[in-house]
Amino acid sequence: QVQLVESGGGLVQAGGSLKLSCAASGRTFSSYTMGWFRQAPGKERSFVAAMSWSGRRTYYADSNKGRFTISRDNAKNTVYLQMNSLKPEDTAVYYCAAGTGMVPQVGASSYDYWGQGTQVTVSS
C-alpha cells in the first residue's frame, strides 16, 4: 500500500513557475514508477509526465516537453514536478500516481495509487 500526498500548487501568473511535490508513504517507494496527471474542469484526466523507479527513464506529454521536469528522491520518498513557463491552459488539478510497471506509462489505468490532487491556477 502506498499513500501519496501532493503539495505545492497555487496561483501563478502566466510565464511563472511552480514546483509540485508528492510525498509517498511506504518502504517500497523506490520500486514504483511515478507519474503526474492533471484534470481541468470539464475535461478528462490527462498524462503529464512519468519516471521509472530508477529515474533513468522519463516520459512527457508533448504539450509539456521543455517546460516541465519530473524528478524523484527515493531517499525522501518524494517525486517532484518542476513547471516553468506556465500557461493558462496548464490550469488543472494535478495528481501524482504510483504504478508497478517497469517503464513509465501514459495511461492512468497503469497506476495503482493516487494522491488527492493539488490545484494549479495560471492567470493570464
Side-chain angles (χ1 to χ4, degrees):
Q1 189 79 9
V2 176
Q3 292 186 329
L4 305 171
V5 179
E6 301 97 334
S7 62
L11 174 64
V12 64
Q13 288 188 332
S17 298
L18 280 176
K19 186 173 185 177
L20 306 183
S21 299
C22 174
S25 64
R27 292 175 290 178
T28 59
F29 170 79
S30 60
S31 67
Y32 285 91
T33 288
M34 299 300 296
W36 286 95
F37 289 77
R38 67 187 183 188
Q39 187 166 17
K43 295 188 177 181
E44 294 185 353
R45 191 169 298 190
S46 63
F47 172 76
V48 174
M51 175 173 274
S52 62
W53 66 271
S54 66
R56 293 192 184 101
R57 294 184 179 185
T58 58
Y59 194 74
Y60 295 92
D62 287 343
S63 60
N64 308 325
K65 285 181 180 178
R67 299 190 300 124
F68 292 4
T69 303
I70 187 172
S71 61
R72 67 189 296 165
D73 186 336
N74 287 342
K76 295 183 178 180
N77 281 12
T78 302
V79 63
Y80 305 96
L81 184 68
Q82 176 68 47
M83 304 186 294
N84 299 327
S85 302
L86 283 162
K87 306 174 182 179
E89 51 264 43
D90 294 318
T91 295
V93 177
Y94 283 71
Y95 300 88
C96 73
T100 56
M102 294 298 291
V103 296
Q105 300 292 329
V106 301
S109 61
S110 297
Y111 294 84
D112 304 298
Y113 304 101
W114 293 83
Q116 83 290 347
T118 185
Q119 177 70 47
V120 171
T121 302
V122 184
S123 64
S124 57

**Report entry** side-chain contact (heavy atoms from CB on, under 4.5 Å) partners for Thr121, two or more places apart
**Finding:** Leu11, Thr91, Gln119
Query - Results of side-chain contact (heavy atoms from CB on, under 4.5 Å) for Val120 - residues two or more places apart only - result: Leu18, Leu20, Met83, Tyr94, Val122
**Report entry** side-chain hydrogen bond (donor to acceptor under 3.5 Å, both in side chains) partners of Thr58, counting only residues at least two apart
**Finding:** none
Requested in this report: For Ser52, check side-chain hydrogen bond (donor to acceptor under 3.5 Å, both in side chains) against everything at least two apart and list the hits.
Outcome: Ser54
Query - Co-membership, hydrophobic cluster, residues Val48 and Val12, 4.5 Å side-chain - result: yes
Query raised in the report: Any salt bridge (Lys or Arg N to Asp or Glu O under 4.0 Å) pairs touching residues 54-64, not counting sequence neighbours?
Result: Asp62-Lys65
Query - Pairs satisfying salt bridge (Lys or Arg N to Asp or Glu O under 4.0 Å), at least one member in residues 29-53, at least two apart - result: Arg38-Asp90
Query raised in the report: Can you check whether Gly15's main-chain N or O pairs, donor with acceptor, with Ser85's side chain at less than 3.5 Å?
Result: no
Query raised in the report: Do side-chain atoms of Asn74 reach the backbone of Trp53 as a donor and acceptor pair under 3.5 angstrom?
Result: yes
Report summary line: Residues at least two apart in sequence or cross-chain that pass ring-ring contact (aromatic ring centres under 6.0 Å, His included) with Trp114, listed by chain then number, are Phe37
Check: residues 95-105 side-chain donor-acceptor pairs under 3.5 Å, at least two apart:
from, atom 1, to, atom 2, distance (Å)
Gln105, NE2, Val103, O, 3.3

Query raised in the report: Do any pairs count as a ring pair (Phe, Tyr, Trp, His ring centres under 6.0 Å) and have a residue in residues 59-86, sequence neighbours left out, and if so which ones?
Result: Phe47-Tyr59
From [X] [atom1] over to [Y] [atom2], what is the distance, rounded to the nearest 0.5 angstrom?
X	Y	atom1	atom2	result
Leu81	Asn64	CG	CG	7.5 Å
Tyr32	Tyr113	OH	OH	4.0 Å
Thr78	Glu6	OG1	CD	12.0 Å

Report task. Determine the minimum heavy-atom distance between Ser71 and Met51, stating which atoms define it. Result -> CA-CE, 3.8 Å
**Report entry** Which atom of Leu4 lies closest to which atom of Cys22, heavy atoms considered
**Finding:** CB-SG, 3.8 Å
Query - Arg72 and Phe29, any side-chain heavy atoms less than 4.5 Å apart - result: yes
Requested in this report: Name all pairs fulfilling the side-chain hydrogen bond (donor to acceptor under 3.5 Å, both in side chains) condition that reach into residues 10-23, sequence neighbours left out, sorted by first residue then second.
Outcome: Ser17-Asn84
Requested in this report: Could you name each residue pair satisfying disulfide (SG to SG under 2.5 Å) that touches residues 40-85, not counting sequence neighbours?
Outcome: none
